[in-house]
Number of protein chains: 2
Amino acid sequence: MTAEIHPLDDAVAESSHRRPPSISDVARSAGVSVATVSRVLRDHPDVRSATRRLVQQAVQDLHYRPSSLARALVTGRSRMLALLVSDIANPFYPQLARCIEREAAASGYTLVICSTDDDPAESVRYLNRLMAYGLDGIIHASVGEDEAELLDAAPDLPIVFTNRRPASSDVSFVVSDHRRGARRLTKHLLDLGHRHIGFIAGPSHASNANERLLGFDQAMKATPDARSSVIRGGFDPSSGRAAVREWLAQGDRPTAIIGVNDSLTIGALESLIEARLRVPEDISIAGFDDVWLASSPIVGLTSVAQDIDELGRRSMQILLEALTAPRGRPVRQVLRSSLQIRKTTGPVPPQHRK
Amino acid sequence: MTAEIHPLDDAVAESSHRRPPSISDVARSAGVSVATVSRVLRDHPDVRSATRRLVQQAVQDLHYRPSSLARALVTGRSRMLALLVSDIANPFYPQLARCIEREAAASGYTLVICSTDDDPAESVRYLNRLMAYGLDGIIHASVGEDEAELLDAAPDLPIVFTNRRPASSDVSFVVSDHRRGARRLTKHLLDLGHRHIGFIAGPSHASNANERLLGFDQAMKATPDARSSVIRGGFDPSSGRAAVREWLAQGDRPTAIIGVNDSLTIGALESLIEARLRVPEDISIAGFDDVWLASSPIVGLTSVAQDIDELGRRSMQILLEALTAPRGRPVRQVLRSSLQIRKTTGPVPPQHRK
DNA sequence: ATGAAAGCGCTAACAC
DNA sequence: GTGTTAGCGCTTTCAT
């Protein structure tokens, strides 16, 4: 392959920093108009196949790459999507993110993951920043109290909520049946003989946390001699640790503990271990989400599993539909969760039996 | 607040879908030219403060938001950065990502996190996709064999490697002193009396993994009666499990195991537990990175800690400099790692003492 | 089937 | 100080 010589081409080796080729460079090189190049690039049928090949050749030769920027500017669609999560360090979210990422890429969309810390201001800041880039849509999986602000910062932006149920009634969502899951888990503990169960509840603004608490309450209320203790906090391991410390300090600790998610529950478990309590002989503990670590033999945490992949797949699918069909009816889906019983829950210790 | 009436304004309630205001709308509303509006937006000094206020008022009234898209198209800078990671589900990366995200946002940059699976094709695909959006720079923290491809897919793009040392000599990087860390960890085990140490090495293409292996080898070679077994694999927990299974199957297992990262090591630990081996009484085990889970009392894994936050801060700082100063000399930094001794490493069991 | 031309929303000369 | 204007790289009528 020998280099051709272009006599008197303007800018022959003129500068070491040559700008990337534009569509008009391709057009010139192929001897056609920019419109034709544009058609070829978008697989428009009205192009003679000879012309098409000509253009494709020029594209190759020049290593031409179309500018999504310019394209987005003129079409008004950036093919860029955002996923809002509470905290990418909570293992539930990477799993969701990877799944959604894959789906998005398969449909030609680029996904930007935003860790909001459940701070509404941060959510809105992110959203505004991305809207300036022409963001096409959002999957909202974080649980901060940002729904109203978000919805009116971007009234016309397709959005689907997942992991949390939106308050507004005309927004699409996919969630797990948190309440039912909580009921089943609570029932499991009651069946094991526990009559004093602690619930580490997470922040009161989070709808998924509240539904889980609700399910717990329902199951407990249905059992006359059962007694519950609820402690509020955050979603992270340190909140779990704090809750356990509080129960231990006050002397009258529950014989079983439910944490509102696995991340927090693992923190609680840490504190139990530090306090030399044996799990489940002295105390039982269980969580929600069934993240990878929960199922690991190291921890073996009893947990209410969400079908994270299905959550991701469906929310992406709903968003894609909203993206093409402008104003469809909101889609509302609830997925089954499943109770995974492992080694952190066992019968109530003898001395606490009635 | 009563609504004003705009008689005969064009497009009065003409459609429910009004397009967002552009800079020329603002200009018209403020009674100035677009150039002046642009100046105000960019804090250009050559604007009378009265005019400035006028414009700012119009911006507020119209809820105007400048289009980063258009801006990027004309300036050639998108203020968008990418972080390439191997696998966002490996807890090392979210920690790094959050730190870098924060730094980026503080400098007005938006960060896109890309999980490459250490697949070069995936890296390049991501990069191309983002370059079409005018990506300004990259922090490369994934360890796939993609260096050459990446570097010539984007020869002029500022890039800094972190977590891995690039082969090319004129690329900036910040890494931890993996080799020294490995030597210290190995020495710790040798001091405990271990003479047969297994190393689960990760993929052979990963430079950080190789440096850790190198450090291990150095320390082992310096001890005449010490014997090592090395098993190659991936970076994830299942590779750790596979390695342990192999050692157990072949009967002559090491008395101590080092995993090339914590994620993999935790997998190995799982298999030890399943095999009813007591840690550290029967066998010792340790890893690298010191992710949060390693330091948790549940696991309490001995680990060589990287200063992840510092890694993030510095790589961002180097990238920012490269972004402003076009062609500076490459920056090469090596950070200290520190050995965290916890409860998974202990003296060699009596029957294995010489 | 192809081309010419008008923008998309902005910045950056350059004029006044 | 402020306005005019020519693009940035593309898509999209509308002609031909």
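Each chain gets a letter, A, B and so on, in the order its sequence line appears, and its residues count up from 1. These figures come from a predicted structure and were not determined experimentally.
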Self-check item: Pair A:Asp146-A:Arg164, salt bridge (Lys or Arg N to Asp or Glu O under 4.0 Å): steps then yes or no
Solution: CA-CA 12 Å; A:Asp146 54 5; A:Arg164 59 121 48 124; 3.4 Å; yes

In whole angstroms, how far is the [atom2] atom of [N] from the [atom1] atom of [X]?
X        : N      : atom1 : atom2 : value
A:Ile23  : D:dG7  : CD1   : P     : 18 Å
A:Leu73  : C:dA6  : CG    : P     : 18 Å
A:Arg79  : D:dC10 : CZ    : P     : 17 Å
B:Leu54  : D:dG3  : CG    : P     : 10 Å
B:Asp25  : C:dG9  : CG    : P     : 8 Å
A:Met131 : C:dG9  : CE    : P     : 15 Å
A:Arg77  : C:dC8  : CZ    : C1'   : 15 Å
B:Leu41  : D:dT2  : CG    : P     : 14 Å

Quiz item: Just by distance, do the side chain of B:Thr116 and the backbone of B:Leu84 share a donor-acceptor pair under 3.5 Å?
Solution: no

For nucleotides 12-16 of chain D, which of its nitrogen or oxygen atoms have a protein nitrogen or oxygen under 3.5 Å away, and what is each distance?
residue	atom	partner	partner atom	Å
D:dT12	OP2	A:Arg42	NH1	2.8

Quick one: is [N] close enough that its OP1 or OP2 comes under 4.0 Å of any side-chain N or O from [X]?
X        : N      : result
B:Ser33  : D:dG3  : yes
A:Thr51  : C:dT2  : yes
B:Arg71  : C:dC10 : no
A:Tyr133 : C:dC10 : no

Practice problem: Find which nucleotide of DNA chain D each of A:Tyr64 and B:Val32 is nearest to by heavy atoms, and output the residue with the more 5' nucleotide. | Solution: B:Val32

Where the side chain of [X] is concerned, which of [options] is the nearest nucleotide?
X       : options               : result
B:Asp46 : D:dT2, D:dT11, C:dC10 : D:dT2
B:Arg19 : C:dG3, D:dG9, C:dG9   : C:dG9
B:Thr36 : C:dG9, C:dG3, D:dT2   : D:dT2

Quiz item: Can you check whether B:Met131 reaches A:Arg65 side chain to side chain, under 4.5 Å on heavy atoms?
Solution: no

Quiz item: Just one of A:Leu151, A:Leu127, A:Asp136 clears the side chain to side chain contact (heavy atoms under 4.5 Å, CB included) bar with A:Leu157, so which one?
Solution: A:Leu127

Self-check item: A:Arg98/B:Asp117 salt bridge by N-O under 4.0 Å criterion
Solution: yes

Self-check item: Cationic N near anionic O, under 4.0 Å, B:Arg102 to B:Asp309
Solution: no

Compile the donor-acceptor pairs under 3.5 Å between side chains in residues 166-174 of chain B and protein atoms, sequence neighbours left out, one pair per line.
residue	atom	partner	partner atom	Å
B:Ser168	OG	B:Asp170	OD1	3.1
B:Ser172	OG	B:Val331	N	2.8

